[in-house]
Every structure is written in C-alpha cells, then in structure tokens.
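Input: a single structure, listed below in structure tokens.
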Amino acid sequence: MSETPAAVFQAPVTTAYVADRIYTSSSIIRSIALDQEEIKRQQAMFVPTAVMEALTEHLKTYRVVALVGPKGSGRRITAINLLARLGLQPREVPLDEDDAGELLGPPDMGYIVHADDLAGSAKPLQACIGSARERGLPIVIRVTSDVWRRVAVDGVPDLPIASAPAIDIFGKHLTVSLDETEAGAWSAHPKIKECLSPAGSRDAVRLAGLAAEAMSKAGHFSEHLVDEVLAAYTNWETELEHIFSTVPSETEEDEEGRTRALRLAAAVLEGSTSSSVFTAARTLSEILELRPGAGHGLVGPSTRKRLESVSARNDDGRVVLSRTAFGASTLDFVWSHWPQLHKDLQDWFGKLAQQLPEDGPLIAERVADLAIRQRHFAMLNTLATRYLDGTATFGLGVALLTQAAMSDELGRAARRTLYQWSRQSPPRHPAVVATCTGPLAEAFPRVALTRLKHVALTTVTNIRKNLVDGLTGLGTNVQLRRELLDELVRWLDRSEPEPRRLVAAEAMLKVLLLQDPDGRLLLLEHADPGWEPALAVAWRSLLRSPLPEAEIRSGVSHWLEAAAQAKAPLSTVVTVLGAVPSNAIEESLLVIAVFRWARATSDEAEAPRQHVFHRVIDAVLAGSGTSTRESIDLALQMEREARADD
C-alpha cells in the first residue's frame, strides 16, 4: 500500500471538492500488512532515488535514521525498500502518545516507526529508540519536518525524502496491475504526462489506481478511457455539478429526490444486487420523507431505465456504475454539499445494515472509505458503536474500527478510542478483543498487543475466553509469532497482576500446542534467528506461571509425544526443553513431566518414547548447573513412591 497522507493534491486536483482526499479503498487498506507478498509488491512499485545510498549507510552505521518529509512524499515505500534491501523484515509501528514505544522482535526485523501523530512529547519516540537499541533492532522513523523539530532525538541522523518524478511513479504502480504494453500506453499518453507534470508522488499513485480500476472494467486501453480517468481524478466535479444542480418543479421534486436517493444507493451498494440497491433507495427516500412512487416502482420506467438514469447498469445481476470511481465521488459530493443530511445519511447507513445483512460487509467498507476520505472520525465512530450494540451487526462495527485504525487519516483517533476502551470501558472490551486480534494485529501488532494487555486484566469469563482464543489465533500467523511469544512472556512476569498472568499462561500454552492439519506442531516449523531460545523462555515462563502443574505437564507431554510420533523434529524438542530450567525447582518440574509421560506408554510405543526420554533428560543434565544423574534418579524415585502411596 502506498502512503495515504493528508497534504493537498497538486493541480488539477486542487480545484476539486474533495481536493485533499486520496483515492482509497478498503482492499488497499487491508494490504497494509507487510507479508512477503506485499513486500515484493512494494519493491516492484518503487522508484529509487539518490537518497537511498545515504539512507543505507546511515542505517548501517547508526541503526536508526529519521526519514523526514511531507505526507505523501513516499516515505513509507522508501522505508520498506530500505529495510528489505538490507535483508530485514519490515514491520510498522504507528507511534501514538498512548503507547509506550517498546519494540519486540527477532534480530532480522526492521521497524518503520510512524511519528507524524506525536503532538509534542518526544518521550514515546525516545522509549522506542531505546527499546530498539537494547534489542539490536534497526528502525526508520517516518516523520514530517514540523514534528521532527519538536521531537528530534539527539544522536539520530535525519535525511530529507527525495521524490521521484510523478510520471515514473505512475508507470511503476501500473506495471503491478497491468502488463507492460498497457502500462506503457498509459504512461506515454500526452494528457497523462501533462496532468502529472506538476504533480507529486501521491497524485501519481492515485491516478495509477484510477487507471487500473478503469482497465478492470473496460478491459482495453482507449482514448475515451483516458478522458474518463482524468475526470475521475478531478472527482467528477463538472459532471456532478451538472447532475445535482437540477432545480425541479414542485410536481417533480419527489421524483428528483427519489432519483438522487437511487444514485446514492448505487454508490454505496455498487457490486450488489438490483434488489438491494432499490431497497436502499426506498429506505433513504422514507428517511427524507419523500412521497413514494406509484406502485413502488411498478409504474414508470423499467429497472434498466432507472439504473441508466443514474449512470449504472445491471451486469449478471450486479449493479455496476458505468464511470470509474463514480460512486466514491458521488458520496463525497453529497456529503460535502449537504451537511444538513449528515445525520440522515448516518441513520440510513445504520438501517441498511439491518435491512440488508448480506450486504453488511460492503456497506461497512463504503462507509469506512467515505469517513477516511472526509477525515470524519465522529461519523464513523457513531456508526461503529451503533453496529457494536447489535448482535447481528457487531462484526460491521469491528470492520469500521479496523479500517479506521489502519488508515493514516483516522488512525490516531481510532487507535486512541480502542486504547481508552481497553482501559476504561469494560462493556467495549469485546470490540477491542475482536478488533485487536484481526487484521489490525497483522498490520500493527504493537498497537494491538498494547490494548489487549489492558483487557487482560478482566475477570469476565467470556471476555477472558475470547481474549485467549484471539491471542492463540495470532500464533497461527508466522509473521506474528515472535512478537506474540515475547509479549506473553512479559505478561507472565511475576510483577504483573494475576488476572493478566493467567490469561497469558492459558494463551501461551495453547500457542505452544498449535498444530497443522497433519498434527505437526506449528511452532517447531518456525526458523527465525533465536527461535529455539525464545521457545525455551516461553516454557520457562509457563513453569513459573499460575497455571496448574497438571496442565503444564500435559503440554510437555504433548511435545514429547509429537517427537515420539515424528510429528515434531526431535532435535528441536530436545534443544528447547533442555534449555528450559534455570533453577532446581524448574528442573524438577520438567523432569517429573518427562518421567510421567515416559511411564504412560504402550508396548508398541516403548522404544521411541524411551529414546525421546533419554535424549531430553540428557539435554536437561547438560544444561544444568546444579543437578546430577543421581539427583534426577532420586527425584524420579521420590515421584514413583509418592504415586504408589496415592
């Protein structure tokens, strides 16, 4: 995903009604999580500039560098490519003042810290840099020049961003969506070159997105398509001015109102059925107190004619707007020109989710996109909380919050709301858990885990269960495992409150026992640097946790059994479990768990179990600073006698 900043578009967009709104969609927002596929996409779209060499040298030397420049200048894609160029896995951290700034991760991780939202205090940034240096993690700070003047940290070099020519950025972005011939035709067109000659990188990205959308609908390049994309680039200003400037007579007012309602319904529900679109139009007409048409549409033009009147058509049962990005421009135009309708539109969005449950995700997506383009968090928050209060619409509220929290425009407000709910509003804890264990965690794990940490103080059974399940689900994501394990270890520290420790222990054990469909232990397939020591620390933290010993022994047995049945690499199991004990108490707990598992055997499994048993015990002995074979034998003898007495 390319950066989505708030600076004003350069000409010709500066004359548009939504001049400072970027072309965006939630499908683009969802792609913000930096998995390997997305990193490759960012590399394919990147146009290197001269600043890359200096950035590379500074990061190698100082392990931290500030990339300074205005929003929309390409700082994010530059940072991603800088870290990937050094063989590092990029991870993003929006640095809000509510967050402490600690970083967790393996040595091959590199962080992109978003510092634009720091209002004045440098403390979170200082904590972030200190945490990175302590763990040897390189970071690139993405920051505007005015914020950097207020929060600059001594000893951190800064370099101004250098933007590539807009036409080059446009062409690179198109090659990701189109073949080289089609992308070349767009880049070489005189009207495109003229449009982008005074433009910045953000305008180039936006125009490329519009061209790709237009091609997906039309299927081939044409002169007409270029004109359409350029009209969409100016938010269809002239067209919409003409459409909405009609002044109907008194006898035509209701009909004109119903047509406009249909236009808005098609904009919100493009891609849905004709039935849904007309139902939505009727609901909006009722909210606006327009007299219904005769026969609810049976009298008058056909469905096809009515759709054509709002520049739409029915393709295989789905309503499609004929013009590129026309729906978004229509919603922006009405929102900007009729502020007195804001409450009515919010009521409409709320009712549609109830009336058209199958279209709920689409409605949530379009509403989130509108709020993001309009920088209107209050509208999104009001609607999200309304959705969260309904069982059937709860997921839509989570979707709205997720998309807002992952955007540059509304991210700070949405993330702060989630933070406040996590600490001060127990009734909203289910929403925090659902939001922070979904796509938000994949994109910004530090943000998500910080908020989940506060929810973990809950004593409400259902919320605790959902939180444990959500944390366990994060463990299935290979990108998140290291940070998740490190975070749970921190929650298990004896200085932490008991409710949080218990949540962490339950989640940790479930994560350690995750299996793939073939029954193999997922976490033992991981290969990050330092992964085996991290697993040993996780088990050691469990031994010190408030979890019942029987549950921990059961978990250890599961690992041993997986090794005995070739469902886990024996060498890894031996290395990890052998490194777990750090004192005699932990050693005895682990040895007893291994002994009990070895004793509960069947004849056919005797040989592999005994082999695993001896390998693990030898590894424990090898790493022990206190035990001997005799002391372990004595501990096992005492265990046998204790069980015999039982």
Side-chain angles (χ1 to χ4, degrees), residues 9-19 21-25 27-28 166-199 202-246 259 262-264 266-267 269-271 274 277 303-316 318-333 369 373:
F9 283 132
Q10 299 191 34
V13 186
T14 47
T15 60
Y17 288 105
V18 284
R21 312 319 190 223
I22 87 148
Y23 172 77
T24 185
S25 71
S27 60
I28 296 176
I167 191 66
D168 294 344
I169 296 172
F170 172 83
K172 272 280 193 176
H173 276 69
L174 267 189
T175 57
V176 174
S177 305
L178 309 177
D179 64 41
E180 289 188 14
T181 302
E182 292 171 332
W186 279 96
S187 298
H189 198 281
K191 291 181 180 177
I192 297 294
K193 288 183 174 181
E194 180 183 2
C195 174
L196 291 178
S197 62
R202 186 178 62 163
D203 298 282
V205 172
R206 177 173 181 263
L207 189 61
L210 292 169
E213 180 181 338
M215 288 290 287
S216 70
K217 287 186 176 182
H220 62 277
F221 177 80
S222 69
E223 191 72 28
H224 168 74
L225 210 58
V226 172
D227 291 336
E228 180 176 299
V229 166
L230 292 175
Y233 183 64
T234 59
N235 304 299
W236 293 101
E237 175 189 357
T238 304
E239 183 80 10
L240 290 170
E241 273 283 12
H242 174 73
I243 289 172
F244 285 96
S245 64
T246 304
T259 299
L262 179 60
R263 190 178 295 281
L264 286 168
L269 289 166
E270 182 179 12
S274 297
V277 170
T303 296
R304 182 177 62 81
K305 289 290 187 182
R306 290 179 189 274
L307 288 175
E308 287 178 352
S309 72
V310 296
S311 306
R313 63 180 187 272
N314 191 318
D315 281 356
D316 296 327
R318 301 287 168 177
V319 172
V320 177
L321 293 172
S322 303
R323 299 182 177 97
T324 300
F326 198 64
S329 294
T330 299
L331 291 171
D332 286 330
F333 188 92
D369 290 345
R373 291 192 305 271

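- Using modelled atom types and a 3.5 Å distance limit, the side chains of Thr324 and Glu228 yield a donor-acceptor pair.
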- request: Applying side-chain contact (heavy atoms from CB on, under 4.5 Å), run through Leu207 and Trp186 and close with a yes or a no.
  value: CA-CA 10 Å; Leu207 189 61; Trp186 279 96; over 6 Å; no
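- Put simply, the side chain of Ser177 never gets that close to the backbone of Leu174: no donor and acceptor are under 3.5 Å apart.
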field: salt bridge (charged side-chain N to carboxylate O under 4.0 Å, His left out) between Lys217 and Glu270, worked out
entry: CA-CA 13 Å; Lys217 287 186 176 182; Glu270 182 179 12; 3.1 Å; yes
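- For Ala232 against Leu210, the heavy-atom pair with the smallest separation is C-CD1, 4.0 Å.
- Looking at heavy atoms from C-beta onward, Val310 lies out of side-chain contact with Leu321 at the 4.5 angstrom threshold.
- Going from atom OG1 of Thr259 over to atom CD1 of Ile243 covers 11.0 Å, rounded to the nearest 0.5 Å.
- Leu240 contributes atom CG, which lies 5.0 Å from atom OG1 of Thr330 (distance to the nearest 0.5 angstrom).
- Checked by atom type and distance alone, the side chain of Ser187 never pairs as donor or acceptor with a backbone atom of Gly184 at under 3.5 Å.
- Across all non-hydrogen atoms, the minimal contact from Ala267 to Gly327 is CB-O, 3.5 Å.
- The CG atom of Leu196 sits 12.5 Å away from the NE2 atom of His189 when rounded to the nearest 0.5 Å.
- For the residue pair Ala231 and Thr234, the shortest heavy atom distance occurs at O-OG1, 2.9 Å.
- Side-chain atoms of His173 come within 3.5 Å of backbone N or O of Ile169 as a donor-acceptor pair.
- Side chains of Phe170 and Asp203 form no contact here, defined as non-hydrogen atoms less than 4.5 Å apart.
- The number of heavy atoms from other shown groups lying within 6.0 Å of CD (Glu223) is above 12.
- Contact record, Ala199 with Ala166: O-CB, 3.7 Å, taken as the closest heavy-atom pair.
- For the pair Val319 and Leu269, the minimum side-chain heavy-atom distance is 4.5 Å or more.
- Atoms CZ and OG, on Arg263 and Ser311 in that order, are 5.0 Å from each other to the nearest 0.5 Å.
- Expressed to the nearest 0.5 Å, how far OG of Ser274 lies from CZ of Arg304 amounts to 12.5 Å.
- For Ser245 (side chain) and His242 (main-chain N/O), a donor-acceptor pair under 3.5 Å exists by modelled atom type.
- The side-chain heavy atoms of Phe221 and Leu178, taken from C-beta on, include no pair separated by under 4.5 Å.
- Counting only heavy atoms from C-beta outward, the side chains of Lys305 and Glu308 approach each other to under 4.5 Å.
- When side chains are defined from C-beta on, Val320 counts as touching Arg313, because their heavy atoms get closer than 4.5 Å.
- The line from OH of Tyr233 to CG of Asp227 is 15.5 Å long, rounded to the nearest 0.5 Å.
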